[in-house]
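One structure is given here, and the rest of the page talks about it.
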Amino acid sequence: MQENLVIVESPAKAKTIEKFLGEGYHVTSCMGHIRDLEKKDFGIDLEKNYQPKYVVTPDKKKVVTELKKLAKDAETVWLASDEDREGEAIAWHLKEVLKLDPSRTKRIVFHEITKEAIQEAIKNPRVIDDNLVNAQQARRVLDRIVGFEVSPVLWKKVKPSLSAGRVQSVAVRLIVDREREIIKFKSESNYRVTGKFLVSDENGNTSELKAELSKRFSEKNEALEFLKKCQSAEFSVSDVTKKPTKRSPAMPFTTSTLQQEASRKLGFSVSQTMAVAQRLYEGGKITYMRTDSVNLSNTAINTAKQKILDLHGEDYLKIRKYQTKSKGAQEAHEAIRPTYMSNETVEGSNQERRLYELIWKRTIASQMADAKLEKTTVNISVSTATERFTATGEVLIFDGFLKVYMESTDDENGNSGPAQDIIPPLKANDALRMSEIIAMQRFSQKPPRFTEASLVKRLEELGIGRPSTYAPTITTIQNRNYVVKEDRPGTEREFDVITLDHDKISEKKKTEITGTEKSKLFPTDVGMVVTDFLMENFKQIMDFNFTASVEKDFDDIAEGEKVWNEMIDRFYKPFHEIVEDVLENSGRSKGERVLGTDPKTGKQVSVRIGRYGPVAQLGEASSETNEEKPQFASLRNGQHLETITLEDALDLFKLPRELGEYEDKKVTVNIGRFGPYVRHDNKFVSLGKENDPYTVELDKAIELIEAKREKDRKAIIKTFDEEPGLRVLNGRWGPYISFKKKNYKIPKKLKAEDLSLDDCKKIIEEAPAAKSGKRRKKK
DNA sequence: CAGTGAGCGAGCTTCCGCTTGACTT
């Protein structure tokens, strides 16, 4: 019998809190939301003022049963879910589902897991805030309406199984918009002039000074002209200025900034970051990892302070309080920080150690002094021209927080310019010896594609999505095949380099690789067509400010200034009318593009989204004549509806090619999901990269078929006459047993070649039932 | 992913936020 039952959201949190509360308190967790809208059907009663139809989520049934038992035995139940909209709703659902007696139920909140905060919370219980709960219900109902009304429109008008939602559709839009900007982008070039000058000091030592011309030339001959002027010029220092500057540490980590830094510094995907952080959290090593707060508890600040004093001394300490600036932050937790600041490292996997170290450094640095720098600017005049060179240098006077941590940036071009660390001592009117001047053609950069992490950053700026959903959202839009994460090779580009070296001017062409992409998000054809369709028909949902504007309504509801179902009604009525109208009046949207006519047959060639993805079509399906049906061919990897040419599309119809016959059976080549292949006697042989399906000949194909046969023969380790269907084979993952179209793993301790038929049968019998996989059947 | 390369159409798909599960093949 427990006097007090405390329910929090996370089991790891429960463990910690139980320690703080001690005797008389049992702390348990509900694992987030326990109820949700009914999954099939709409889940909202439109006849009854949008009344939600809640059901206990299937995977929470056990939790709920357990909680009911515990609650019955408890004197007082403390609902300690997070202090935000969702947390308040969780508390309310708990109260409803567990049928808690109000006189024995208390609602408490805290936004840091420290002994003081918990004890303080217990001293100040309150009741559930119905307004806040209603704001959450409005949020939930709105998202269901948008998702479950728009998605079916897509099934009808574009392609089955697609989805739309307040968050995901805008995320895809960001990527599609960016891609269009890039397609439209025209690179321009100009000529950047840099010079190297020699400076001698009184001891006769010379050092080099790098400077950039203040002006860039748009034309090559302008640059050339300038270099000619420099041939006979004298260079001198016109002025030297020194200016102190400082740099401040970054704020402690939130979910989104952690995802960004882990992506840049450690190369983690956002879901990887969250999985690793989850393990650190469960191990009690860091605080909660889904947060939008940059706040640190006093306990944390004090221990960080002690650590800084121990390691670096008082000069390096500067206590700072940070304020969240992101839109719609709900701040139910602390920033992400080490639980114990004294631990610089932790035990664990390589990934865990690296992520922890990143968090530790960032947190420590956030309480450290600014770095002090001195910035020196030297202007250099050219006697024969009006343009000036400028050299800038930065010298670190005091490293401060940089001693432990430096935030990285997304600037992948590395355009740091010719800045150098130390500028040699110089004063006005000092003469300079020119050693080299180079004019280099530079091209303007196309807008960068999003990475997972930079997309999260943008969504957060727009106030779209929450810390708990950034990673899943990114996964969803990839699963729906709206977006793919890919590497793409760059292209070669030539650029001019004009060099002035000891009075001699020379010109050269150099090449560089440009536009190489690594792990970037690209929209697919489906993503583009769906975005266009939604932009055309559901502008309101696609507006970057849609979330912000409904959030304002939710805030008003939370303040008691609006009634939630009235707000929903004002949204639903006009929205639903649009849905009906689009269903009825809008045409199908398949992103169709007519490329031209096939010169051979005179038939029309077009591309569009087919039932299974992008396809090219040769000929039209005309109803009037009973001409032959149009031919179809799927687009290949790297081909896109918006950019494919007529020639490329026509090539698609050259396959499958019939090469001839072998052993009285047809030999054909085609390209499938796994690349080019030869088909013969219903068997498939990969063509590999070295053979081109358009030109490969029969001899080569036969060779490949024979090679495959040989390999298959070798793959058979054992067969049994009594059971011909059972074979022991050698596969990519080692030996396995194949029987009736199913495969079975051979236990490590057994040798494949020694297996008897009985051994095999035993393995098959004892094999666990095949996993249900993707398809889960209902009823 | 377990050795693949289909297509006359049944019945299904879908949202956003809270949380952690466990077939180890």
Side-chain angles (χ1 to χ4, degrees), chain A residues 8-13 29-37 39-44 57 59-60 62-63 81-82 84-91 93 136 139-156 159-169 275 278 281-282 288 290 330 332 464-470 472-473 476 480 541 547 610-612 615 629 632 634 656 668-679 682-686 708 712 715 729 731-734 736 738 741-745 767-778:
Chain A
V8 297
E9 291 181 40
S10 145
K13 205 192 252 184
S29 60
C30 66
M31 317 241 195
H33 277 296
I34 53 161
R35 283 204 303 187
D36 192 15
L37 298 177
K39 212 168 151 56
K40 33 178 187 172
D41 302 335
F42 202 46
I44 303 164
T57 323
D59 59 323
K60 294 292 163 55
K62 257 175 86 177
V63 176
S81 46
D82 294 348
D84 59 16
R85 203 163 62 204
E86 298 297 328
E88 203 68 18
I90 288 172
H93 282 299
Q136 193 274 347
R139 198 280 303 155
R140 182 66 192 91
V141 166
L142 179 108
D143 282 336
R144 172 55 66 91
I145 290 173
V146 172
F148 276 38
E149 295 234 327
V150 179
S151 299
V153 177
L154 292 178
W155 305 342
K156 285 219 176 73
K159 201 170 99 89
S161 300
L162 296 174
S163 65
R166 175 176 57 83
V167 173
Q168 58 168 283
S169 296
Q278 175 90 28
Y281 167 68
E282 283 168 4
Y288 195 58
R290 292 186 272 263
Q330 304 195 6
I464 299 172
R466 304 279 313 130
S468 65
T469 60
Y470 295 137
T473 299
T476 300
R480 293 268 170 279
I541 308 300
T547 292
R611 198 151 31 133
Y612 305 97
V615 288
K629 280 184 191 163
F632 296 97
S634 291
T668 54
V669 286
N670 202 353
I671 297 182
R673 275 202 314 176
F674 308 98
Y677 65 91
V678 180
R679 182 182 181 147
N682 267 333
K683 292 202 173 75
F684 301 90
V685 185
S686 171
K708 173 85 189 287
D712 286 349
L729 301 172
R732 198 161 116 197
W733 287 275
Y736 66 100
S738 169
K741 299 231 167 184
K742 274 189 177 172
N743 299 313
Y744 303 88
K745 203 178 172 179
K771 56 176 172 179
S772 55
K774 289 169 203 163
R775 252 169 249 174
R776 214 173 298 154
K777 283 183 185 165
K778 281 176 207 164

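Below, chain A is the first sequence line, B the second, and so on; all start at residue 1.
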Exercise. Mind checking the P distance from B/dC1 to B/dG21? Whole angstroms is fine.
Worked result: 23 Å
For this session: Calculate the interatomic distance between A/I34 atom CD1 and B/dT19 atom C1'; express it in whole Å.
Result: 12 Å
Problem set entry | Rounded distance (Å) that lies between atom P of B/dC15 and atom NZ of A/K40 | 18 Å
For this session: Describe the nucleic acid contact of A/D82 in one word from base, sugar-phosphate, nothing, applying a heavy-atom distance below 4.0 Å.
Result: sugar-phosphate
For this session: Could I get the full list of ring pair (Phe, Tyr, Trp, His ring centres under 6.0 Å) partners for A/Y281, not counting sequence neighbours?
Result: A/Y288
Problem set entry | Residue whose closest nucleotide on DNA chain B lies nearer the 5' end, A/P160 versus A/S468 | A/P160
For this session: Give a yes/no on whether any side-chain N or O of A/R290 is located under 4.0 angstrom from OP1 or OP2 of B/dT19.
Result: yes
Exercise. So what does A/R140 touch, heavy atoms closer than 4.0 Å: a base, only the sugar-phosphate, or nothing?
Worked result: base
Problem set entry | Pairing string, 5' to 3', for DNA chain B - Watson-Crick or wobble contacts under 3.5 Å, brackets [ ] where pairs cross, | to another strand | .........................
Problem set entry | Sugar-phosphate, base or nothing in reach of A/A89, heavy atoms under 4.0 Å | nothing
Problem set entry | Nearest-neighbour nucleotide for the A/D143 side chain, B/dT20, B/dC16, B/dC15 considered | B/dC16
Problem set entry | Spacing between A/L142 atom CG and B/dG17 atom C1', to the nearest angstrom | 13 Å
For this session: Mind listing the closest non-hydrogen atom pair of A/G147 and A/P152 along with its distance?
Result: O-CD, 4.2 Å
Problem set entry | Interatomic distance where CZ belongs to A/R35 and C1' belongs to B/dG17 [whole Å] | 16 Å
Exercise. Looking at A/R139, does any N or O in its side chain come under 4.0 Å of the phosphate oxygens OP1/OP2 on B/dC16?
Worked result: no
Seminar exercise, completed: When rounded to whole Å, the CG to P distance for the pair A/D41 and B/dT13 reads 11 Å
Seminar exercise, completed: In whole angstroms, the gap separating P of B/dT14 from CG of A/L37 amounts to 16 Å
Exercise. Between A/W155 and B/dT13, do the rings stack, that is, sit under 5.5 Å apart with planes less than 30° off each other?
Worked result: yes
Problem set entry | Partners passing salt bridge (charged side-chain N to carboxylate O under 4.0 Å, His left out) against A/E9 (at least two apart in sequence or in another chain) | none
For this session: Ignoring the backbone of A/T469, work out which of B/dG17, B/dT20, B/dT13 is nearest its side chain.
Result: B/dG17
For this session: Mind checking salt bridge (charged side-chain N to carboxylate O under 4.0 Å, His left out) for A/K13 and listing every partner two or more places apart, or none if nothing turns up?
Result: A/D82
Problem set entry | Gap in Å between the two C1' atoms, one belonging to B/dA2 and one to B/dC23, rounded | 15 Å
Seminar exercise, completed: Atom CZ of A/R480 and atom C1' of B/dC12 are separated, to the nearest Å, by 13 Å
Exercise. What does A/R466 touch in the nucleic acid at a heavy-atom separation under 4.0 angstrom: a base, only the sugar-phosphate, or nothing?
Worked result: sugar-phosphate
Exercise. Distance check: side-chain N/O of A/R679 vs OP1/OP2 of B/dA6, anything under 4.0 Å?
Worked result: yes
Exercise. A/P11 near the nucleic acid: base, sugar-phosphate alone, or nothing, with a heavy-atom cut-off under 4.0 Å?
Worked result: sugar-phosphate
Exercise. So, is A/Q136 close to the B/dG17 phosphate, meaning a side-chain N or O under 4.0 Å from OP1 or OP2?
Worked result: no
Exercise. Can you name the salt bridge (charged side-chain N to carboxylate O under 4.0 Å, His left out) partners of A/R166, sequence neighbours left out?
Worked result: A/D143
Exercise. Among B/dG17, B/dC16, B/dT20, which is the nearest nucleotide to the side chain of A/E86?
Worked result: B/dG17
Exercise. Under a 4.5 Å cut-off applied to non-hydrogen side-chain atoms, are A/E149 and A/F42 in contact?
Worked result: yes
For this session: Kindly say if A/S151 contacts the phosphate of B/dC15, meaning a side-chain N or O under 4.0 Å from OP1 or OP2.
Result: no
Problem set entry | Distance, C1' atom - from B/dT13 to B/dG9, rounded to whole angstrom | 16 Å
Exercise. Less than 4.5 Å apart, any side-chain heavy atom of A/I90 and any of A/C30?
Worked result: yes
Exercise. Using the C1' atom in both, what is the distance from B/dT25 to B/dG5, to the nearest Å?
Worked result: 24 Å
Exercise. For the base of B/dT14, is there a side-chain donor-acceptor partner from A/S163 under 3.5 Å away?
Worked result: no
Exercise. Given B/dC16, is OP1 or OP2 found less than 4.0 Å from the side-chain N or O atoms of A/T473?
Worked result: no
Problem set entry | Donor + acceptor pair across side chains of A/R679, A/T668 (<3.5 Å) | no
For this session: May I have the distance from A/I90 (atom CD1) to B/dC18 (atom C1'), rounded to whole angstrom?
Result: 4 Å
Exercise. Base, sugar-phosphate, or nothing for A/G165, non-hydrogen atoms under 4.0 angstrom?
Worked result: sugar-phosphate
Exercise. Starting at the 5' end of DNA chain B, which residue's closest nucleotide do you reach first, A/G87 or A/I145?
Worked result: A/I145
Problem set entry | Partner set under ring pair (Phe, Tyr, Trp, His ring centres under 6.0 Å) for A/H33, not counting sequence neighbours | none
Exercise. Which of these passes salt bridge (Lys or Arg N to Asp or Glu O under 4.0 Å) with A/E86: A/R139, A/R140, A/R466, A/R290?
Worked result: A/R139
Exercise. Are A/Y288 and B/dT19 close enough that a side-chain N or O sits under 4.0 Å from OP1 or OP2?
Worked result: yes
For this session: Would you mind classifying the nucleic acid contact of A/E149 as base, sugar-phosphate or nothing, using non-hydrogen atoms under 4.0 angstrom?
Result: nothing
For this session: May I ask you to say what A/V167 touches in the nucleic acid, namely base, sugar-phosphate or nothing, with a heavy-atom cut-off under 4.0 Å?
Result: sugar-phosphate
Exercise. Hey, does A/G465 reach any base, or is it just sugar-phosphate, or nothing, if we go heavy atoms under 4.0 Å?
Worked result: sugar-phosphate
